[in-house]
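In what follows, chains are A, B, ... by sequence order, proteins preceding strands, each numbered from 1.
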Amino acid sequence: GQNIDQPTEMTATEGAIVQINCTYQTSGFNGLFWYQQHAGEAPTFLSYNVLDGLEEKGRFSSFLSRSKGYSYLLLKELQMKDSASYLCAVRRDYKLSFGAGTTVTVRA
Amino acid sequence: ETGVTQTPRHLVMGMTNKKSLKCEQHLGHNAMYWYKQSAKKPLELMFVYNFKEQTENNSVPSRFSPECPNSSHLFLHLHTLQPEDSALYLCASSPGQDKNIQYFGAGTRLSVL
């Protein structure tokens, strides 16, 4: 199956940390991507994991556990501009399958 | 600016109209994709082109007809659409269809009346 599950919505305060979880079916797995999409804009690439462990990129980090079919995106020192939808996507063969996205709202 | 440009950004059409969506990428990529994004639903892959050849048709109804004249341009021709086809249509490109990151355009918001 290709079920990719992530929470629908999350709310956090400016300066805080938020963790967005993503679970997926492990069959045929060949990489996991996180994208950010602001309303009315293009999804933009944030991170890519193909091996287990943590990838850090400034305020954003992404973690992968292939055996558990689990990833998370960690956003630190939240800023108002981080309010957006965050999409988890799993690659199988050459195709990406997306979760429905997690809408993160950052409050002052 | 992602290097992938889609036009028009918004389109309203009747069910008997014929229209086309255009996508152009300036990244030198060889693979291009059409996705459909409906509210609260995951992005759905529609078509994949690699070096101008269609390599994927994800059971898309024939009222959607893609065209890829070269590696930089991708079109989606629309005819006799249904109201449930109203959605955001996103184009993406990548260096090759088996290569990592896909870069997306901002999409065309389509409303079918």
Heavy-atom distance under 4.5 Å to chain A: side chain of Ser38(B), backbone, both or neither? neither
Does one hydrophobic cluster hold both Met10(A) and Leu46(A), with members joined at side-chain heavy-atom distances below 4.5 Å? yes
Kindly compute the distance separating CD (Glu44(B)) from OG (Ser97(A)), expressed to the nearest 0.5 Å. 11.0 Å
For Gly105(B) and Ala42(A), which heavy atoms make the closest approach, and how far apart are they? O-CB, 3.1 Å
Side chains of Leu88(B) and Gln37(A): closer than 4.5 Å at any heavy-atom pair? yes
Is there a path from Tyr103(B) to Met32(B) through hydrophobic residues (I, L, V, M, F, W, Y) whose side chains come within less than 4.5 Å of each other? no
I'd like to check Tyr35(B) versus Leu96(A) (side-chain heavy atoms, cut-off strictly below 4.5 Å). Are they in contact? yes
Side chains of Tyr35(A) and Gln102(B): does their closest heavy-atom pair fall under 4.5 Å? yes
Non-hydrogen atoms of chain A under 4.5 Å away: do they reach the side chain of Gln6(B), the backbone, both or neither? neither
Part of Leu45(B) lying under 4.5 Å from any heavy atom of chain A: side chain
ILVMFWY network linking Tyr86(A) to Leu64(A), side-chain heavy atoms under 4.5 angstrom: yes
What heavy-atom pair brings Gly40(A) and Arg9(B) nearest, and what distance separates the two atoms? O-NH2, 2.9 Å
Shorter than 4.5 Å, heavy atoms on both sides: which option in Ala106(B), Gly107(B), Ala92(B) has the most such pairs with chain A? Ala106(B)
Atom pair OG1 (Thr103(A)) and NZ (Lys40(B)), whose distance is rounded to the nearest 0.5 Å: 5.0 Å
Could you report the tightest heavy-atom contact between Phe33(A) and Ile101(B), atom names first, then the distance? CE2-CA, 4.1 Å
Show your reasoning for whether side chain to side chain contact (heavy atoms under 4.5 Å, CB included) applies to Asn50(B) and Tyr94(A). CA-CA 11 Å; Asn50(B) 195 40; Tyr94(A) 58 86; over 6 Å; no
Other residues, nucleotides, ligands: >12 heavy atoms within 6.0 Å of Glu77(A) CD: no
Is there a side-chain contact between Pro43(A) and Leu90(B), using heavy atoms and a 4.5 Å cut-off? yes
Is there a path of hydrophobic side-chain contacts, each under 4.5 Å between heavy atoms of I, L, V, M, F, W or Y residues, that connects Leu27(B) with Tyr33(B)? yes
Measure Arg109(B) against the heavy atoms of chain A and call it side chain, backbone, both or neither at under 4.5 Å. neither
Other residues, nucleotides and ligands only: do more than 12 of their heavy atoms fall within 6.0 Å of CZ on Arg59(A)? yes
Under 4.5 Å between side-chain heavy atoms, hopping through other hydrophobics if needed: is there a path connecting Leu11(B) to Leu113(B)? no
